[in-house]
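These figures come from a predicted structure and were not determined experimentally.
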Amino acid sequence: MAGWNADTAAGPLGSGTVTLVEGTSFCISLPNGDIHPDNPHGAFFEDTRFLSRWSLTINGQPLEPLAAETKQPYRALFASRVTRSDGYADSPLIVERLREVAAGILEQITIRNYGLNPAKCLVSLRIESDFADLFEVKEARIPRRWEETRQADGDSLIIRALWQNARKGVIVKTEGADVTPETLTYRTVVAPQDQWTTELRVVPLVEGIDPDALFVHPNAGELSRSDRRRQEWVAKIPVLQMGNRSIERTLRRSYDDLGALRIEDPDHPERVVVAAGAPWFMTLFGRDSLLASSMALPVDPSLALGTLQTLADRQGRVVDPTSEEEPGKILHEVRLDVSSGLSLGGKSAYYGSVDATPLFVLVLGMVSRWGFARDTIAALLPHADRALDWIRDYGDKDGDGFVEYQRLNDQGLINQGWKDSWDGINFADGTLAEPPIALCEVQAYVYTAYQARAWMAYDAGETALGNELAELAAQLKKRFNEQFWLPERGYYAVALDGRKRPVDACASNMGHCLWLGLVDEDKAPQVAERLMSPEMFSGWGVRTLASDMRAYNPASYHNGSVWPHDNAIIATGLLRYGFVAEAQRISTALLEAAEYSGGRLPELFCGFSREQFTVPVPYPTACSPQAWAATTPIRLVTNLMRYDAHVSRGGLWMDPVLPESFGELHITNAPLAGGRITIDIAKSVPTVQGLPEGLVLHRGHRPWMTELLEQAKPHPQT
């Protein structure tokens with residue numbers, strides 16, 4: 001195979017599918033609640049599908065779906081009716097399935113009889129477990145053949161499987177059923193205007209762990225573990241009220257999804273990190289987890305800190321071409337329980353990412369400004385220095401001052417930036433760029449990594465180190481603007497290819513360079529104009545690739561689609577250079593797009609123009625919920641608040657440019673420097689209450705890293 005890539009590997013989940021997620025567990029099912037093995041559906045725990053079939057029939061008839069509503073990211077209610085065999089359309093039997101996902105499945109099945117006569121019901125549940133690896137399901141591979149045993153044990157069905165030395169298992173517990181090795185069957189008569197209910201628990205059998213401990217069944221009136229976890233999350237995050245109720249709902253949905261996407265480091269349960277997204281990326285990623293948690297800093301700064309600490313523990317130590325590990329490198333992704341032959345690069349930890357390493361240092365710089373204890377930040381500085389060593393020793397492969405990538409084995413990712421599909425980096429004429437490839441946005445990440453580490457050095461009194469890194473950043477900016485700028489086109493090349501030719505496609509990547517200040521001031525107006533041109537801006541957001549490029553396809557993964565997180569970054573960059581109206585336009589468009597998907601922005605949607613289709617066109621295999629997309633509304637609103645904290649510089653900066661349509665904004669319980677503050681914004685005027693001692697609110701332009709360096713740099717005595 002040419003190389004694994006996210007866009008072609010995943011088959012469509014199908015219309016109306018319901019995805020539930022909690023930590024590393026998730027479940028994908030049909031609109032009636034059934035799971036069928038011929039679809040990329042199932043219930044998953046630690047990257048293994050422990051339920052591949054979960055199909056319910058009443059009197060031999062399948063369920064006709066009526067509604068499916070996600071109550072919380074981990075709980076859904078399905079309503080269906082029992083189809084009749086006598087030819088009549090209306091059925092008196094309505095079936096409700098209330099499903100909760102945690103380390104397993106808890107499902108309550110209720111049959112309601114709205115008829116005039118008693119209804120005899122034969123309730124059958126067919127269950128299969130293929131224990132397929134996540135990649136086998138995602139890529140529609142033929143799963144391994146396990147040696148399976150199925151055993152009825154009282155009210156339980158136990159399925160065990162063996163493949164080579166790997167053992168898997170699952171137990172289904174219920175009451176009042178006839179249990180056979182294949183099926184659970186209930187026989188009941190439901191009186192008119194009455195109901196019948198049963199409950200089932202499905203728990204993976206994990207070696208060394210009591211299955212009852214994995215999924216604790218709450219007593220009547222008690223909260224489940226997932227509900228308690230959500231309640232604890234809600235208690236620690238800001239409470240928001242907006243004049244625009246639609247945007248408020250979207251932000252609340254973002255909070256909920258972000259809470260469900262949190263996963264714990266098994267070696268350090270006190271650390272919480274952000275998984276990349278459901279259904280296929282419920283694990284720690286370098287780039288995704290870093291960017292998502294940094295975008296969520298105003299909601300919960302501890303997510304970014306936990307992500308940094310967890311990635312630091314797994315920082316590269318050796319040169320390993322199989323996993324693409326190198327000393328100082330930050331990993332691309334971790335898989336929890338996959339066989340080595342199926343995971344990227346052939347190992348459970350894969351390091352094939354060119355941008356996670358500079359992003360690690362960049363995000364550490366952000367986190368250092370949010371008021372964490374100095375020793376907490378100091379413990380991460382050696383890891384930041386090792387990351388900078390990787391940039392010098394391995395990232396810049398040919399010594400030209402730019403960081404580039406080229407995969408080290410034929411199972412790895414061909415493209416190793418955020419546009420990691422095989423065809424994601426191309427010239428204006430559609431020709432694919434050949435590696436080693438130096439992406440424009442990666443140079444921006446490296447530029448800011450130098451600046452962030454310089455600023456932290458100055459803050460600690462390490463003047464010589466600060467000066468050295470600040471000079472590296474300045475040199476990189478000069479080289480970048482000389483070699484990536486295309487004056488005849490009025491925008492930046494998306495990359496330099498292996499022959500140092502500018503890859504001249506007009507792509508959204510240059511918006512990341514605006515965000516981080518790598519763009520020369522005199523070039524910014526042309527970049528902004530191009531990003532907001534009809535070829536780039538669809539009406540719902542900025543496309544990944546301009547519509548006048550040869551490789552453009554509105555329904556491609558990276559060559560014409562619209563990614564919410566990409567647009568949030570672009571909007572930040574536009575604001576940085578003073579393009580307020582343009583940033584407002586992007587932000588408003590995306591928040592309007594969220595209204596068409598229940599307030600939840602998907603990973604991406606198609607790049608068709610708003611004039612052509614009056615609703616955002618879904619991308620068939622988009623992850624939802626997805627961490628970048630969940631944090632996008634947060635980033636859009638805090639961008640327009642122009643809200644940032646610099647605790648070591650004594651303050652909070654805020655200079656709102658919220659559109660009138662957003663209405664007034666009231667936020668309580670917002671975390672800052674170990675305390676909680678209240679923010680009110682009315683007619684673009686902010687007021688803040690509860691600032692920790694020694695901190696003040698600054699109106700006006702917030703200091704960017706370049707300005708912070710100037711402030712922090714020691715000046716000779718005059």
Query raised in the report: Can you find a side-chain donor-acceptor pair between D504 and Y491 that sits under 3.5 Å?
Result: no
Is the shortest side-chain heavy-atom distance between [X] and [Y] below 4.5 Å?
X    : Y    : result
L514 : M510 : no
W540 : V617 : no
L640 : F662 : yes
R585 : F537 : yes
R287 : W418 : yes
P625 : D256 : no
Q526 : W485 : yes
M549 : R543 : no

Query raised in the report: Of F26, F44, Y74, which meets side chain to side chain contact (heavy atoms under 4.5 Å, CB included) against V21?
Result: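 Only one of F26, F44, Y74 forms a side chain to side chain contact (heavy atoms under 4.5 Å, CB included) with V21, namely F26.
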Considering all heavy atoms, the nearest [X]-[Y] contact:
X    : Y    : answer
A568 : T632 : CB-CG2, 4.0 Å
W563 : Y557 : NE1-O, 2.9 Å
S294 : A304 : N-CB, 4.4 Å
S538 : F608 : CB-O, 3.8 Å
Q406 : P436 : OE1-CD, 3.7 Å
C440 : A493 : CB-O, 3.5 Å

Given 3.5 Å as the limit, does a donor-acceptor pair link the side chain of [X] with the main chain of [Y], or not?
X    : Y    : value
S289 : G286 : no
T544 : V562 : no
R49  : H41  : yes
R576 : W515 : yes
R635 : I569 : no
T631 : W628 : yes
N415 : S421 : yes
Q584 : V657 : yes
N409 : T322 : yes
Y577 : V519 : yes

To the closest 0.5 Å, what do you measure between [atom1] ([X]) and [atom2] ([Y])?
X    : Y    : atom1 : atom2 : value
F281 : D288 : CZ    : CG    : 8.0 Å
D320 : L408 : CG    : CG    : 9.0 Å
E326 : Y351 : CD    : OH    : 11.0 Å
E22  : M282 : CD    : CE    : 8.5 Å
I28  : T17  : CD1   : OG1   : 7.5 Å
N509 : K419 : CG    : NZ    : 3.5 Å

Query raised in the report: Which one of H332, E324, R407 satisfies the side-chain hydrogen bond (donor to acceptor under 3.5 Å, both in side chains) criterion with Q416?
Result: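 Among H332, E324, R407, the one that satisfies the side-chain hydrogen bond (donor to acceptor under 3.5 Å, both in side chains) with Q416 is E324.
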Considering only NZ, NE, NH1 and NH2 on the basic side and carboxylate oxygens on the acidic side, decide whether [X] and [Y] come within less than 4.0 Å.
X    : Y    : value
E325 : K329 : no
R530 : D548 : yes
K500 : E404 : yes

Requested in this report: Could you check V361 against Y445 for side-chain contact (heavy atoms from CB on, under 4.5 Å), going step by step and ending with a plain yes or no?
Outcome: CA-CA 9 Å; V361 186; Y445 304 157; over 6 Å; no
Report task. May I ask you to check whether over 12 heavy atoms, not counting those of R550, lie within 6.0 Å of atom CZ? Result ->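 Counting neighbours around CZ of R550, 12 or fewer heavy atoms of other residues, nucleotides or ligands fall under 6.0 Å, so no.
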Report task. Output, in order, the C-alpha distance, side-chain angles, deciding distance and verdict of side-chain contact (heavy atoms from CB on, under 4.5 Å) for L545 and H558. Result -> CA-CA 7 Å; L545 188 69; H558 286 133; over 6 Å; no
Requested in this report: Could you please spell out the steps behind the side-chain contact (heavy atoms from CB on, under 4.5 Å) verdict for D497 and F427?
Outcome: CA-CA 10 Å; D497 74 354; F427 287 82; 3.6 Å; yes
Requested in this report: Show your working on side-chain contact (heavy atoms from CB on, under 4.5 Å) between E535 and Y552 and close with a plain yes or no.
Outcome: CA-CA 10 Å; E535 292 77 22; Y552 171 74; over 6 Å; no
Report task. List in chain and number order the residues that pass side chain to side chain contact (heavy atoms under 4.5 Å, CB included) with V18, two or more places apart in sequence or in another chain; answer none if no residue qualifies. Result ->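 Partners of V18 under the side chain to side chain contact (heavy atoms under 4.5 Å, CB included) test: L20, S29, A68, T70, A76, F78.
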Query raised in the report: Among all residues two or more places apart in sequence or in another chain, which pass the side chain to side chain contact (heavy atoms under 4.5 Å, CB included) test with V615?
Result: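 Only Y596 meet the side chain to side chain contact (heavy atoms under 4.5 Å, CB included) criterion with V615.
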Requested in this report: Could you note down all residue pairs passing salt bridge (charged side-chain N to carboxylate O under 4.0 Å, His left out) where residues 505-529 supplies at least one of them, sequence neighbours left out?
Outcome: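 Passing the test, one end in residues 505-529: D520-K523.
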Query raised in the report: Parallel under 30°, tilted from 30 to 60°, perpendicular over 60°: which one fits the rings of F480 and Y492?
Result: parallel
